[in-house]
Amino acid sequence: MPPPSLIKQPPTSPPSYNRQPPMPPPSHIKQPLASPPSYNRQPPMHPPSSPPSHVKQPPTSPPSHIKQPPTSPPSHAKQVATPPSVSSTPNANTLSGAKLILAETVDFRKQEVIKMTEQLLHSIATGDYEAYTKICDPNMTSFQPEALGHLVEGMDFHKFYFDFVLGKNNKAINTTLLNPHVHLLGEDAACVAYIRLTQFVDKSGVPVTQQSEESRVWHRKDGKWQNVHFHRSGNPSALGPK
């Protein structure tokens with residue numbers, strides 16, 4: 001056995017003379033391009049900012065030979081005045097003010113009817129027939145205890161008591177109207193209901209108080225209130241019916 005140092009080992013790599021350079025592909029074989037040539041790259045399509053010059057565009061304004069209507073009326077034309085703007089919805093202040101005025105008007109008319117009733121009762125208490133006829137309608141109707149259930153029409157029935165009862169009674173008479181309640185029946189008509197207390201002194205010198213329940217219908221004619229009907233219930237009055 002020869003010593004190990006004398007044994008030839010195979011080379012770990014082939015000798016350099018055995019290495020062959022890589023063979024390039026033949027020139028007649030076309031290889032695919034890794035990327036397209038630069039002349040094939042197209043820029044992204046965007047709409048042109050302005051049309052080409054060869055395309056005719058419609059005119060943005062009409063030709064100068066076409067007359068345009070004036071944007072504002074000529075100075076010599078009459079202008080229609082614009083009415084001031086008024087809100088169609090009334091505010092709370094307007095509504096409350098209207099209600100207040102209406103309430104005051106209604107209250108005034110009711111007080112006017114009550115005042116006329118007091119004047120009528122005063123003419124009865126004083127025996128003033130002339131004043132009584134000015135307040136009453138000539139065809140006034142009435143229901144009262146002295147008429148015994150009949151409807152009285154006209155003034156003759158009442159005049160009898162003015163002439164023979166009230167006219168001869170010189171004693172003091174006090175009439176009080178209590179709890180008057182007025183119904184307004186339109187612009188020119190009203191009805192009032194109340195309690196009537198009549199105080200006087202009889203022949204024996206004894207003070208007497210009589211009560212009756214009355215209602216009167218008023219009608220305004222030519223701006224003046226007139227009593228057209230009344231109803232009185234209770235016992236017949238010692239001073240006569242009115």
Side-chain angles (χ1 to χ4, degrees), residues 102-204 206-242:
L102 178 61
E104 291 177 350
T105 303
V106 171
D107 185 66
F108 174 79
R109 291 175 59 196
K110 288 183 177 181
Q111 293 300 322
E112 189 177 23
V113 171
I114 294 174
K115 182 179 179 181
M116 294 302 301
T117 304
E118 291 175 341
Q119 290 181 8
L120 185 144
L121 297 179
H122 179 73
S123 67
I124 296 173
T126 58
D128 190 348
Y129 182 73
E130 183 179 357
Y132 184 75
T133 55
K134 291 180 179 179
I135 300 175
C136 297
D137 185 270
N139 299 316
M140 180 180 67
T141 57
S142 64
F143 282 110
Q144 54 196 43
E146 293 80 7
L148 304 178
H150 297 282
L151 177 65
V152 176
E153 182 177 359
M155 302 298 294
D156 293 340
F157 185 83
H158 308 288
K159 187 177 184 300
F160 172 84
Y161 291 94
F162 276 95
D163 292 341
F164 299 100
V165 178
L166 295 175
K168 294 181 180 181
N169 186 1
N170 297 322
K171 296 182 180 179
I173 299 175
N174 183 53
T175 302
T176 304
L177 190 148
L178 299 177
N179 303 321
H181 188 81
V182 178
H183 294 280
L184 296 178
L185 309 175
E187 295 292 332
D188 298 319
C191 178
V192 58
Y194 55 91
I195 300 296
R196 174 183 173 186
L197 295 180
T198 303
Q199 297 170 280
F200 62 94
V201 178
D202 64 9
K203 295 180 180 180
S204 303
V206 178
V208 178
T209 300
Q210 291 182 340
Q211 174 180 317
S212 60
E213 298 78 32
E214 298 184 1
S215 60
R216 294 183 182 269
V217 178
W218 292 87
H219 183 210
R220 183 162 55 186
K221 298 179 181 179
D222 300 327
K224 297 180 180 181
W225 288 100
Q226 287 189 323
N227 187 199
V228 295
H229 176 79
F230 76 89
H231 184 284
R232 189 174 83 248
S233 56
N235 295 325
S237 173
L239 298 178
K242 262 66 67 190

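- No side-chain donor from either of Thr198 and Gln210 sits under 3.5 Å from a side-chain acceptor of the other.
- Leu177 pairs by the side chain to side chain contact (heavy atoms under 4.5 Å, CB included) definition with Thr117, Glu118, Leu121, Pro180, Tyr194, not counting sequence neighbours.
- The aromatic rings of Phe162 and Tyr132 are tilted relative to each other, their planes meeting at an angle between 30° and 60°.
- Under the salt bridge (Lys or Arg N to Asp or Glu O under 4.0 Å) criterion, Lys159 pairs with Asp163, sequence neighbours left out.
- Interatomic distance, CZ of Phe157 versus NE2 of His150, reported as 9.5 Å (0.5 Å rounding).
- Under the 3.5 Å distance criterion, with hydrogens and angles disregarded, no donor-acceptor pair is assigned to the side chains of His231 and Ser215.
- Side-chain contact between Ser142 and Arg232: absent, with no pair of heavy atoms (C-beta onward) separated by less than 4.5 Å.
- Using a 4.5 Å cut-off on side-chain heavy atoms (C-beta onward), Trp218 and Val228 make no contact.
- With rounding to the nearest 0.5 Å, the separation of OG in Ser212 from CD1 in Ile195 is 7.5 Å.
- Of all heavy-atom pairs spanning Ala147 and Val152, the tightest one is CB-CG2, 3.5 Å.
- Using a 4.5 Å heavy-atom cutoff, the side chains of Met140 and Ile135 are not in contact.
- When the shell of 6.0 Å around NE2 of His122 is examined, it contains 12 or fewer heavy atoms from other residues, nucleotides or ligands.
- Note: Asn227 CG to Gln119 CD = 12.5 Å, rounded to the nearest 0.5 Å.
- The NZ atom of Lys115 sits 10.5 Å away from the CD atom of Gln111 when rounded to the nearest 0.5 Å.
- Shortest non-hydrogen contact noted between Thr141 and Glu153 is CG2-CG, 4.0 Å.
- No side-chain heavy atom of Phe200 sits less than 4.5 Å from a side-chain heavy atom of Asn174.
- In terms of heavy-atom proximity, Pro138 sits nearest to Met155 at O-CG, 3.8 Å.
- Remark: Gln226 CD to Arg216 CZ distance equals 13.5 Å, nearest 0.5 Å.
- Proximity of a side-chain donor or acceptor of Arg220 to a complementary backbone N or O of Glu187 within less than 3.5 Å is detected.
- Taking the six-membered ring where the residue is Trp, His181 and His183 present perpendicular rings, their angle passing 60° and hence far from 30°.
- Leu120 and Cys136 make their closest contact through CD1-SG, 3.6 Å (heavy atoms, listed as atom of the first residue, atom of the second, distance).
- Distance check: Arg109 CZ to Thr105 OG1 gives 8.5 Å after rounding to the nearest 0.5 Å.
- Evaluation of the salt bridge (Lys or Arg N to Asp or Glu O under 4.0 Å) rule for Lys224 yields no partner, not counting sequence neighbours.
- Inter-residue side-chain proximity for Val192 and Met116 is flagged as unmet; no heavy-atom pair is nearer than 4.5 Å.
- Between Lys134 and Ser123 there is no side-chain heavy-atom pair separated by less than 4.5 Å.
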>> Assess the residue pair Leu151 and His229 against the criterion (side chain to side chain contact (heavy atoms under 4.5 Å, CB included)); give the C-alpha distance rounded to whole Å, side-chain angles, the decisive distance to 0.1 Å, and a yes or no.
In response: CA-CA 10 Å; Leu151 177 65; His229 176 79; 4.2 Å; yes
